[in-house]
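Below is one structure, written out as structure tokens; comments come after it.
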Amino acid sequence: MYGFEALTFNIHGGYLEAIVRGHRSGLLTAADYNNLCQCETLDDIKMHLSATEYGPYLQNEPSPLHTTTIVEKCTLKLVEDYKHMLCQATEPLATFLEYITYGHMIDNVVLIVTGTLHERDVQELLEKCHPLGMFDSIATLAVAQNMRELYRLVLVDTPLAPYFSECITSEDLDDMNIEIMRNTLYKAYLEDFYKFCQKLGGATAEIMSDLLSFEADRRAVNITINSIGTELTRDDRKKLYSSFGLLYPYGHEELAVCEDIDQVRGVMEKYPPYQSIFAKLSYGESQMLDKAFYEEEVKRLCLAFEQQFHYGVFFAYMRLREQEIRNLMWISECVAQNQKSRVHDSVVFIF
Amino acid sequence: MGQEEEKGCSENGVESKEEEQDEQENNVLRFLDSLDSYLVLMDSLSSTLRQGWMELASARHSMGASRLNSALFDLKHHNAATSLEVNHHDDTTMQQTYFNLCKWASPDTQNLCSKETKLEEGELLQRKASSPQIRHRGASRSSVTVDDQVQKERSKSLSVFGALVSPKLRGAQLSFETALETLVEIANIRSSILCTHDQVQEGMKTMT
């Protein structure tokens, strides 16, 4: 039973919980989004964002702006907040915060390896990496020819090392192997993060279990939909699903054999939390599925702030900020392409 | 007799003038039809490209910027998946250029030219509206084989972004493919416009 965190949490975590709740109050509101959706140019967006917490990051950017510039600069705000919290954190919060970035680390590893396979310049690839997923030896990834070398030369000294045990082979890296590696690493990471949160116990375990289970289920659905019509076999598809979550294990059995979006819908509608998500979609359509999942995720992340004295607020803040940056990216693209009527296709309001 | 011959000649002259006028009017009509088709195709191209760019942005939103960016393009040497054939047709009156698109025709699949894939165009556009992965049952064996091969080539070209990409990216690919076909049609229509324009001008010179 939890509840005794109130006695001791503030000794080590009180300051940072206050900080993260302060950051949360700086997230954009519906009124901010309404103003942004009415912008005619990217410079208008920059002008509106100058009154928000993103202002200092965009103020020195020259015109003409590009959508990727807006996303990069807004991401710097997220990175700065994270680094401040990390440097102030004690254990086990510091480890918890580091876990939050391992997903970006995996994405960066895959980006470097894929780009190298395509004979791209390493510096160019490093510029595209997410700043939260950087580590010292990342540039050395370019020399590896297969996963065994990848592990032995570079990743053995990184936090991703324990996740490689399931995907070490001597096969040369190609597009399918890299994709399987990405998803296998992410599966191992999610399971490890889940176990870590369970060990922490209390409100952290309860809240993070719900959030990570949702993440695992969403990944299972996305893997299923994205692999329809590809060479990925049913067995390989099933191996990429995490070993926890609401869909584990029976939902995974059914998802593994799905051949189209309607079969996926049939599986997911058996689970009440996901009925509402799929009720928003018409038959045969998957365009709005991402938005439906993001809306559900935002709802759960906002609920994490309703309780005190747990680490889930840090995870929730990071994810909400990432969602906000996705919203800004989408609004910028709609404005840049003069398609403002499509703005509400993918913007998810947080407040 | 001389008067009858003169009458016959003048009747023939009137008939040939009428024929020339008819031909000239036909040329003008063909020119205007080509121009109309050109304008319709340009409008169609514009809306297809807008749709394609929006779908690409949507795919980027879904998959993330690290999975979908220009740094992942393959710089290794490889054969073009699609090529354009340019043919010149010379007839007695005019020279006209024809453009023919050979889609998804790698060296291993030389038979897959746009003539065959155009048969599936209607099906592909229909498929895009619902889902890119639904197979058409009851299709003939050869069209199913071509269909599978085309799907494989499409997936291969998208594999630079990973083996498991979002359906939105596949949708964007189809949009840009349709735009490319429209561009080739526009090129052919332009060639036809130029040809009929020259014919009309020739006709006007002849009549004056």
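All chains are named by letter (A, B, ...) in the order of the sequence lines, taking the proteins before the strands, and each is independently numbered beginning at 1. No experiment lies behind these values; they were computed from the predicted model shown.
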> Relative to chain B, which segment of A:Tyr294 carries a heavy atom at a distance below 4.5 Å: side chain, backbone, both, or neither?
Replying inline: side chain
>> On a heavy-atom basis, which atom in A:Cys334 and which in B:Met54 lie closest, and how many Å separate them?
In response: SG-CE, 3.5 Å
> side-chain contact (heavy atoms from CB on, under 4.5 Å) with B:Leu164: which of A:Asp175, A:Asn183, A:Ile225?
Replying inline: A:Asn183
>> Below 4.5 Å, heavy-atom pairs only: which of A:Lys291, A:His130, A:Glu231, A:Arg326 has the largest tally toward chain B?
In response: A:Arg326
> Is the number of heavy atoms from other residues, nucleotides or ligands under 6.0 Å of B:Arg190 CZ greater than 12?
Replying inline: no
> Would you say the side-chain atoms of B:Lys168 pair up with the backbone N or O of A:Gln287, donor to acceptor, closer than 3.5 Å?
Replying inline: yes
>> Is it the case that over 12 heavy atoms from other parts of the model lie below 6.0 angstrom from the NZ atom of B:Lys17?
In response: no
> Looking at B:Ser166, B:Ser155, B:Gly64, B:Ala65, which has the largest count of heavy-atom pairs under 4.5 Å with chain A?
Replying inline: B:Ser166
>> So A:Glu333 and B:Ser58, do their side chains get closer than 4.5 Å, heavy atoms only?
In response: no
> Do you know which of B:Lys76, B:His61, B:Arg60, B:Lys152 has the most heavy-atom pairs with chain A at a distance under 4.5 angstrom?
Replying inline: B:His61
>> Is A:Met176 close to chain B through its backbone or its side chain, or both, or neither, when contacts mean heavy atoms under 4.5 Å?
In response: both
> So what's closer than 4.5 Å to chain B heavy atoms on A:Ile178: side chain, backbone, both or neither?
Replying inline: neither
>> Taking the side chain as everything from C-beta on, heavy atoms only, tell me whether B:Val160 gets closer than 4.5 Å to A:His118.
In response: yes
>> As an exercise, state the distance from CG of A:Leu125 to OG of B:Ser66, rounded to the nearest 0.5 Å.
In response: 11.5 Å
> Is a side-chain N or O of A:Arg120 found less than 3.5 angstrom from the main chain of B:Phe73, in a donor-acceptor match?
Replying inline: yes
> Which atoms of A:Arg342 come close to chain B, meaning under 4.5 Å heavy atom to heavy atom: side chain ones, backbone ones, both, or neither?
Replying inline: side chain
>> Nearest 0.5 angstrom please: B:Leu169 CG to A:Asn226 CG, how far?
In response: 9.5 Å
>> Is A:Thr68 in contact with chain B via its backbone, its side chain, both, or neither, using a 4.5 Å heavy-atom distance?
In response: side chain
> If you take all heavy atoms of B:Arg170 and A:Ile228, which pair is closest and at what distance?
Replying inline: NH2-O, 4.5 Å
> To the nearest 0.5 Å, what is the distance between CG (A:Asn222) and OG (B:Ser62)?
Replying inline: 6.5 Å
>> So which residue, A:Gln337, A:Met329, A:Lys128, ends up with the most heavy-atom pairs under 4.5 Å with chain B?
In response: A:Gln337
> Is a donor on one side and an acceptor on the other found under 3.5 Å between the side chain of B:Arg67 and the backbone of A:Asp107?
Replying inline: no
>> Using only atom types and a distance under 3.5 Å, with no angle test, would you say the side chain of A:Glu124 pairs donor to acceptor with the backbone of B:Ala71?
In response: no
